[in-house]
There are 2 protein chains.
Amino acid sequence: MSKATVILIPIGIAEDGYDSLPAYISEYINSCDIFFVENLRTARRAFKKLDRHFDIDAKEWHEIDKNEAALIPVFTKAMDASKTIGISSESGCPGIADPGQILVGLAQKNNIPVKPLVGPSSILLTLMASGLNGQSFSFNGYLPIHEADRAKKIKLLEAKSIKENSTQLFIETPYRNNQLFQSLLKNLGENTAVCIASQVTSKEEWIKTKTVMDWKKSNADIPKQPTLFAIGSL
Amino acid sequence: MSKATVILIPIGIAEDGYDSLPAYISEYINSCDIFFVENLRTARRAFKKLDRHFDIDAKEWHEIDKNEAALIPVFTKAMDASKTIGISSESGCPGIADPGQILVGLAQKNNIPVKPLVGPSSILLTLMASGLNGQSFSFNGYLPIHEADRAKKIKLLEAKSIKENSTQLFIETPYRNNQLFQSLLKNLGENTAVCIASQVTSKEEWIKTKTVMDWKKSNADIPKQPTLFAIGSL
């Protein structure tokens, strides 16, 4: 009996960024029997855009809701039935700062082959373009919301970055981008470099790294759009 | 006068993995006037494979040698002359566990736009397929070679992984894969999960995550091929 396989399917990050996806993704999509996706509408539209002949109705669909663990029984059934299973998140790479990891972990526990496909990750694209150290880096997710906690965390990440000579990446909810940016300018040393990467892969993409001293001179306003931040040494 | 631009160009990791590259890369390659590449032969062959009409002789080429900083004067000249500058490393994404970062940093310092293109990163593909935490992770480069130092570092990364609930990734020179693997089994706790990702993007790719306890039962032999390691919680 053939074995189940799990295919990890990246989706474009930006609406206008479809050219950043390798063509081989659509072959893999067509080979899947069943999909576990962060958002049904987004995934179906993305797959149809990659291959306009993609037959949505021929596939079985499950949405990864806030409670990914609730899908364990149906995912287990699909593995037992030797299905080719696709997992994708709403944008970027499943399991990286996005849902999918619990189901992938389940596949690993059951010794099912997992095939990750190449696609855009704003974390990786930011790091590449930042000019900051790419030999040693950490992604830290979201920083605390409360000012005092956030200031403490920013100073901790800066200390870590200096001690390990590493780049520290983190994200923020778009409408709080400017608040976080002001916290960074306030709490970091003048010579620490800050990279701001906004709307990565879109036509409006901009990725800039400056020292805190130089950012203070330039008065940047970060759009209320998906943005990544990185600190390190330039 | 138009401004210089820097394009970061990924190259396939595996010889047989060219289908993992997005088609848009070849348009960007053709738009470049001058290239800074880790290895001339690899880069030229890769670009020709992406577009067989690619005109090698129409471009200016510089090899990023062990001493990347030595290229600063010629890179600066290209920026001053408003050239479209391509940077690529031997496989994967430039600047991520690969050369290119010093030149990208120089572009950022000179306020030159940097455009990172999507391509394969064995770090990211490993993390996606590992089933380990992708909300918080660190890439640590190479571990120390000497047994005692390596054991200490392994225990340190395990402690960090548990304390931060993060995934810790690292690499090894292929011929030492099995030695490192044995060190991991010896020095990590029984319940720590170890992901081994070998020959990522090639036809021989395998990415497996098991607890130390389960790896001890399975007697794995890691091929002398490019391999990434990750530890965390499954």
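We name chains A, B, ... by the order of the sequence lines, and we start the count at 1 in each one.
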- Leading residue by heavy atom contact count with chain A [cutoff under 4.5 Å; candidates B:Val200, B:Ile207, B:Asn133]: B:Asn133

- Message: Taking B:Ala129's backbone N and O only, do any of them form a donor-acceptor pair with A:Gln108's side chain (distance below 3.5 Å, no angle check)?
- Response: yes

- Query: Taking A:Gln135 for the side chain and B:Ile96 for the main chain, is one N or O donor matched with an acceptor at less than 3.5 Å?
  - Reply: no

- Aromatic ring pairing B:Phe137/A:Phe139, orientation class (parallel under 30°, perpendicular over 60°, tilted between): tilted

- Would B:Val104 and A:Met128 count as a side chain to side chain contact (heavy atoms under 4.5 Å, CB included) if you check the C-alpha gap in whole Å, the side-chain angles of each, and the deciding distance to 0.1 Å? CA-CA 8 Å; B:Val104 177; A:Met128 280 167 79; over 6 Å; no

- Task: Measure distances from B:Leu106 to the heavy atoms of chain A and classify the residue's part below 4.5 Å as side chain, backbone, both or neither.
- Result: neither

- Nearest 0.5 Å, what's the CG-OG distance between A:Asn140 and B:Ser166? 8.5 Å

Please flag which part of [X] lies under 4.5 Å from any non-hydrogen atom of chain B: side chain, backbone, both or neither.
| X | value |
| --- | --- |
| A:Glu164 | side chain |
| A:Lys208 | both |
| A:Gln101 | both |
| A:Ile102 | neither |

- Task: I would like to know whether B:Val118 and A:Leu21 meet side chain to side chain contact (heavy atoms under 4.5 Å, CB included); could you show each step before the answer?
- Result: CA-CA 8 Å; B:Val118 173; A:Leu21 291 172; over 6 Å; no

